[in-house]
Structure formats: structure tokens, C-alpha cells
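Note that ligands are numbered from 1 as they come in the structure, with each ligand's atoms numbered from 1 the same way.
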Amino acid sequence: MAKLEILHYPDNRLRKKALDVTIFDENTKIIANNMLETMYQEKGIGLAAIQVGIQKKIIVIDVSEERDKPIILINPEILDKKDPIVFEEGCLSVPGFYEKVDRYNFIKYKYKNLEGEEVTDTAEGLFAVCIQHEMDHLKGKLFVDYLSSIKRDRITKKIMKAQSDGITPSRKDIPYSI
Ligand code: QAP
Ligand code: CO
């Protein structure tokens, strides 16, 4: 397995739209496993292929405390959503910044697994929010897009300054439990 390089906002490649996975082969498995390794090493709870420069609809998630329940979602679609909530989110592509975003606490969704089989399931709480966040990445959307332009501009400035200083902003007190 290999750790992949994560693109940081405002990199244009984060704005690309992911393409459907049509071939479920060894290469797809290698990408998913490398994404999991990258997510675990960076202490994330979710990662989309777009964030590592791969334009495919592949998402990895693990919201378990023990960090031992990896989930791989390919070509995901949300079928139903209910119970609006406001959730404070971060993103491995926007390191060091956390802001409140409007989401749904409950979703019904479908996806394909690594074998190409279709699965339908439900999710709630942090897991549901994480799926919504990662699915936004597949459309080239980031959580900062939900913020006021004042807040977003402030984040853009700070993150570009940090990048020019060669620093990756980070925060140790991550608000969700991992
Ligand atoms: C998306 O985000 C998410 O700033 C996944 O310094 C986040 O894994 C969905 C991370 C919250 C729902 C709720 C961020 C790690 C990880 C940072 C992440 C950082 C180190 C973010
Ligand atoms: Co993200």
C-alpha cells in the first residue's frame, strides 16, 4: 500500500467532477486501499478520490473509534434524506479549519462495493454527514462553498499564506470523536 498526496484548497483539481467507475478490477482495489492508508495516516474520517487527484467516484470512510471499520463506497447516490442538522465539519483538503454546515442527520443511499455489487443502506449522525461531505467532493464541491464569502475569503487567505510559508495548518482538538 502507498500513502497518496492530498490536494489542498484552493487547488483547481478539487473542482473536477468525478467519473463513474465502470471496471471493478485490481486497480480499483489498489486505489481504494491506498486511499484508506492515506486517510488513516492523516487521521481523517473520510476521503474522496478527487482529493488525491483521481477523478473517479470512490470514497473511503471510517468513523469508528477503533479505526478498524473501513467502508468503501463506489458510485454512491443518495436516495432519501431527512432531519436537517447543523454539523461542524473539517476536511483533509482544508487542514486546520472547521465550520458549521447544513446537512441531514439521516440518509438512505446506494453504492457499489469493490466487486461491483449494488448495496442499499441507511446512515445517521456522523456517518451520514461524512457521506454527504465526501459525495460533495465527487461534484467538485467543498464545505467552504457553503460559507459566506467573507468567511471563505478569510480561509483562502490564511491557507494560501500557510502554503507559501510551507506550513500545513492543523488543529489537534478535532471536534468530532475519532
Ligand atoms: C469530512 O474530514 C468530515 O483540519 C472528513 O488538521 C469532517 O476527515 C465529515 C482532518 C467532519 C463530517 C464531519 C482535518 C485532519 C480530517 C484537519 C476529515 C486536520 C486533520 C478531516
Ligand atoms: Co473533505
Pro95: numbered ligand 1 atoms lying under 4.0 Å from its heavy atoms: 4 (O)

Do Lys141 and Tyr146 meet the cation-pi criteria used here (NZ or CZ under 6.0 Å from the six-membered ring centre, within 45° of the axis)? yes

Is it true that Thr22 and Asp20 share a donor-acceptor pair across their side chains at a distance under 3.5 Å? no

Do the ring planes of His133 and His137 sit parallel (below 30°), tilted (30 to 60°) or perpendicular (above 60°)? perpendicular

Taking only non-hydrogen atoms of Gly46 and a 4.0 Å limit, the atoms of ligand 1 in range are 5 (C), 8 (O)

Touching ligand 1 at all, Phe143? Heavy atoms, strictly under 4.0 Å? no

Thr156 side chain to Tyr9 side chain, donor-acceptor N/O pair below 3.5 angstrom: yes

Check for me whether Met39 has a heavy atom closer than 4.0 Å to any atom of ligand 1. no

Are there over 12 heavy-atom neighbours, none belonging to Lys161, within less than 6.0 Å of that residue's NZ? no

Salt-bridge present (Lys100, Glu88; N to O < 4.0 Å): no

Checking side-chain polar atoms at under 3.5 Å, does Asp25 have a donor or acceptor matched by the opposite partner on Thr28? yes

Test: Glu117 and Lys112 ion pair at under 4.0 Å: no

For the Co ion (ligand 2), what is the number of protein N, O or S atoms at a distance under 2.8 Å? 3

With heavy-atom distances below 4.0 Å as the criterion, list the atoms of ligand 1 near Glu42. 15 (C)

For Glu134, the atoms of ligand 1 under 4.0 Å from one of its heavy atoms are 1 (C), 5 (C)

Polar proximity ligand 1 side, Ile45 side, N/O cut 3.5 Å exclusive: yes

Ile54 and Ile61: same hydrophobic cluster, using ILVMFWY side-chain contacts below 4.5 Å? no

I need the atoms of ligand 1 closer than 4.0 Å to a non-hydrogen atom of Gly44, numbered in the order shown. 8 (O), 16 (C)

Take atom NZ of Lys29 as the centre, draw a 6.0 Å sphere, and report whether it contains more than 12 heavy atoms from other residues, nucleotides or ligands. yes

For Glu89, take its heavy atoms, then give the atoms of ligand 1 lying under 4.0 Å from any of them. 11 (C), 13 (C)

Would you check whether Lys43 has a nitrogen or oxygen atom less than 3.5 angstrom from a nitrogen or oxygen atom of ligand 1? no

Is the number of heavy atoms from other residues, nucleotides or ligands within 6.0 Å of OH (Tyr111) greater than 12? yes

As an exercise, identify every atom of ligand 1 less than 4.0 angstrom from a heavy atom of Cys130. 9 (C)

Give the minimum heavy-atom separation between Leu114 and Ala32, together with the two atoms involved. CD2-CB, 4.2 Å

Evaluate Gly96 for polar contact with ligand 1, using N/O atom pairs at a separation under 3.5 Å. yes

